[in-house]
Amino acid sequence: MDINVVNALTYEDFVKLFGNVVEKCPLIPAAIWSHRPFKDLADIEAHIRKFIHSLPDSGKEGVLRCHPDLAGLDLQRGTLTRESQEEQSQAGMTTLDSAESLQMYSLNTDYKERFGFPFVICARLNSKADIVRQLSERLKNDRAVEEVTTLCSLRLRNIVLSDIQTKL
Ligand SMILES: NC(=O)N[C@H]1NC(=O)NC1=O
């Protein structure tokens with residue numbers, strides 16, 4: 001998808017196309033649309049990153065709270081967004097055995113109790129073992145917002161670098 005096509009989108013179409021590059025946060029693409037024309041994909045990513053980092057802590061936490069747990073209730077109920085479903089299945093979250101499910105449930109619960117928002121990690125860049133290890137480690141030392149921007153970059157690339165504009 002050419003950057004000129006992106007720059008020509010109305011805000012309605014821009015939000016339709018990029019509305020879930022940050023999970024359940026269409027406000028973010030709606031906000032950065034006003035920075036057109038974008039130079040390239042990296043420029044869009046930079047604006048999204050800048051917007052998220054400019055939020056007060058409560059806003060950053062809100063963005064994190066829009067993310068479903070990994071191997072959590074939404075996955076079990078089949079109510080994940082398409083993007084999240086793909087990411088979670090790529091990391092093996094859809095095929096956990098009962099011991100692994102229990103371990104994820106327990107770690108996710110501890111994490112939410114400690115921080116007040118869910119554990120967020122880019123599932124496409126991490127294996128099942130990595131996720132469990134990092135979830136245990138980050139219970140001590142958090143770097144959640146950085147993961148949102150990594151997730152967002154991969155989702156954006158999926159849309160812009162493929163020519164399939166099914167959302168428009
Ligand atoms: N909790 C969490 O990390 N969820 C996200 N991670 C990911 O790759 N997709 C998601 O929905």
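Counting starts at 1 for both ligands and their atoms, in listed order.
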Discussion item. Heavy-atom pairs closer than 4.0 Å: do any link ligand 1 to the side chain of P68, the backbone, both, or neither?
Written reply: both
Item to complete: Report, in ascending order of atom number, the atoms of ligand 1 lying under 4.0 Å from any heavy atom of F119.
Response: 1 (N), 2 (C), 3 (O)
Item to complete: State the atoms of ligand 1, each with its element, that fall below the 4.0 Å cut-off from a heavy-atom position in V120.
Response: 1 (N), 2 (C), 3 (O)
Worksheet item: Which heavy atom of the protein is the closest neighbour of atom 8 (O) of ligand 1, given with residue, atom name and distance?
Response: A123 N, 2.8 Å
Discussion item. Angle between ring planes, F119 versus Y111, binned at 30° and 60°: parallel, tilted or perpendicular?
Written reply: perpendicular
Worksheet item: Between R65 and G116, is there a donor-acceptor pair closer than 3.5 Å when you use the side chain of the first and the backbone of the second?
Response: yes
Discussion item. Under a 3.5 Å threshold, yes or no: a donor from one side chain and an acceptor from the other, between Q88 and T94?
Written reply: no
Discussion item. Determine whether a donor-acceptor pair (N or O, by modelled atom type, separation under 3.5 Å) exists between the side chain of K112 and the backbone of P118.
Written reply: no
Worksheet item: In the protein, which heavy atom is nearest to atom 6 (N) of ligand 1, and how far is it?
Response: I121 O, 2.8 Å
Worksheet item: Any idea which protein heavy atom is nearest atom 10 (C) of ligand 1, and the distance to it?
Response: S84 OG, 3.4 Å
Worksheet item: Which other residues belong to the hydrophobic cluster containing L154, where Ile, Leu, Val, Met, Phe, Trp and Tyr are joined when side-chain heavy atoms lie under 4.5 Å apart, directly or via other members?
Response: L125
Discussion item. Considering non-hydrogen atoms of the protein only, which is the closest contact for atom 9 (N) of ligand 1, and what is the distance?
Written reply: E87 OE1, 2.6 Å
Worksheet item: Looking only at N/O atoms, are L151 and ligand 1 under 3.5 Å apart anywhere?
Response: no
Worksheet item: For the side chain of S106 and the backbone of L102, is there at least one donor-acceptor N/O pair under 3.5 Å apart?
Response: no
Worksheet item: Does any N/O atom on C122 come nearer than 3.5 Å to any N/O atom on ligand 1?
Response: no
Worksheet item: Between K16 and D13, is the closest basic N to carboxylate O distance under 4.0 Å?
Response: yes
